[in-house]
Amino acid sequence: MKTVSLSGSLRGNVGKKDAKSLRKEGNVPAVLYGGNDQLHIKVDAKALDKLIFTPEVFLIDMDIDGDKRKVIIKDIQYHPVTDEAIHVDFLQIFDDKPVTIQLPVSFVGRSPGVAAGGKLSQHFRKLTVRGLAGDMPEMIEVDLSKLQIGDAVRVRDISLDGLEMKDAHPAVIVAVKMARGASKDAEEEEAEAEEEGATEEAAAE
């Protein structure tokens, strides 16, 4: 995974009133879990936006008043109207302890089924994996180059060294389905062929 830096500061007070004041100042209240202590902190909203409004997942070098820790974003609460982040949970990462992370899915290759008129149907934008942070890729690549119409790639088809797939193994990640237009065209062609055959038979009689 890509590593980025983010600064945070300890919160002097904890509560709804304090959290509201922090947001007015351009900060987002947050909690850091996973270490020996649970820290209530604040981070700059603009710096945080660069990490959350992207499909990428980052390993974060966080500096909390000089105390440096490796963390990931575990959960985010958004404002129901503005979609602004109003609270974040960070999880501290250790090199020797496995962690569960959602990684984005990236498609590579061109599906011959899509080229033939099929429609690509994506069921997962992220997949949940467990393993050491150092083994985590930036994204999970799914090869489409062999997918014909009716084919699918399932979770069980993905293998990543040192990582365990946590989503249901039979679950479909992506599939190529017969497009409605393509299906209709095929039916029309079949009907026309039957009509032509009937006409030829009648003429022969």
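Note that these values count all heavy atoms, side chains included, but never hydrogens, waters or copies made by symmetry.
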*Between atom NZ of Lys68 and atom OG of Ser7, what is the distance when rounded to the nearest 0.5 Å?*
9.0 Å
*For residues Leu120 and Leu144, determine if any side-chain heavy atom of one lies less than 4.5 Å from a side-chain heavy atom of the other.*
yes
*Just wondering, do Ile173 and Val155 contact through their side chains at under 4.5 Å, heavy atoms?*
yes
*Are Ile76 and Phe53 in one and the same hydrophobic cluster, where Ile, Leu, Val, Met, Phe, Trp and Tyr link if side-chain heavy atoms are under 4.5 Å apart?*
yes
_Atom pair CG/NZ of Leu127 and Lys166 - distance to nearest 0.5 Å_ = 13.5 Å
_Met139 vs Leu103, side chain to side chain contact (heavy atoms under 4.5 Å, CB included): CA-CA, chis, key distance, verdict_ = CA-CA 5 Å; Met139 59 189 65; Leu103 296 176; 5.9 Å; no
*Hey, which of Thr3, Ile73, Ile72, Ile93 is the one that makes side chain to side chain contact (heavy atoms under 4.5 Å, CB included) with Ile60?*
Ile73
*When rounded to the nearest 0.5 angstrom, what is the spacing between NE2 in His87 and CG in Leu22?*
10.5 Å
*Less than 4.5 Å apart, any side-chain heavy atom of Lys74 and any of Tyr33?*
no
*Taking all non-hydrogen atoms of both residues into account, name the closest pair between Ala85 and Ile52 and its distance.*
CB-CD1, 3.8 Å
*asked:* Just verifying a value: how many Å separate Arg23 CZ and Asp18 CG, rounded to the nearest 0.5 Å?
replied: 9.5 Å
_Restricting to non-hydrogen atoms, name the atom on Arg69 and the atom on Gln92 that form the minimum distance, rounded to 0.1 Å._
NH1-OE1, 3.0 Å
*asked:* Tell me which pairs pass salt bridge (charged side-chain N to carboxylate O under 4.0 Å, His left out) where either residue lies in residues 38-63, with sequence neighbours left out.
replied: Lys2-Glu56
*asked:* Please find the pair of heavy atoms, one from Gly8 and one from Val43, that lie closest to each other, and give the distance.
replied: CA-CG1, 4.1 Å
_Smallest separation among heavy atoms of Ala30 and Phe90, with atom names_ = CB-CE1, 3.7 Å
*asked:* Assigning hydrophobic clusters by single linkage (Ile, Leu, Val, Met, Phe, Trp, Tyr; side-chain heavy-atom cutoff under 4.5 Å), is Val114 placed with Val174?
replied: yes
*Would Asp157 and Lys146 count as a salt bridge (Lys or Arg N to Asp or Glu O under 4.0 Å) if you check the C-alpha gap in whole Å, the side-chain angles of each, and the deciding distance to 0.1 Å?*
CA-CA 13 Å; Asp157 299 322; Lys146 295 182 180 180; over 6 Å; no
*Taking the side chain as every heavy atom from C-beta outward, state whether Val129 and Ile158 have any atom pair closer than 4.5 Å.*
no
*Does Gln122 reach the side chain of Phe107, with side-chain heavy atoms less than 4.5 Å apart?*
yes
_Can you tell me how far apart CG (Asp135) and CG (Asp161) are? Round to the nearest 0.5 Å._
8.5 Å
*Answer yes or no: does atom CZ of Arg130 have more than 12 heavy-atom neighbours from other residues, nucleotides or ligands under 6.0 Å?*
yes
*Hey, could you give me the CG/CD distance between Asp89 and Gln77, rounded to the nearest 0.5 Å?*
7.0 Å
*Which atom names give the shortest non-hydrogen contact between Asp65 and Ser9, and what distance separates them?*
OD1-OG, 3.4 Å
_Same cluster or not: Met1 versus Leu91, using hydrophobic residues (I, L, V, M, F, W, Y) connected whenever any side-chain heavy atoms lie under 4.5 Å apart?_
yes
_Side-chain heavy-atom pair Pro55, Lys126 within 4.5 angstrom cut-off_ = no
*Is there a path from Leu6 to Ile86 through hydrophobic residues (I, L, V, M, F, W, Y) whose side chains come within less than 4.5 Å of each other?*
no
*Flag the pair Pro112 / Val176 as yes when at least one side-chain heavy-atom distance between them is below 4.5 Å, and no otherwise.*
no
*Asp37, CG atom: more than 12 neighbouring heavy atoms under 6.0 Å*: yes
*asked:* For Pro104 versus Val57, what's the shortest heavy-atom pair and its separation?
replied: CD-CG2, 3.6 Å
_Atom CG of residue position Asp95 - does it have more than 12 heavy atoms of other residues, nucleotides or ligands inside 6.0 Å?_
no
*Quick one: are Pro170 and Arg156 in side-chain contact, heavy atoms under 4.5 Å?*
yes
*Would a hydrophobic clustering, with Ile, Leu, Val, Met, Phe, Trp and Tyr connected at side-chain separations under 4.5 Å, put Leu160 with Val99?*
yes
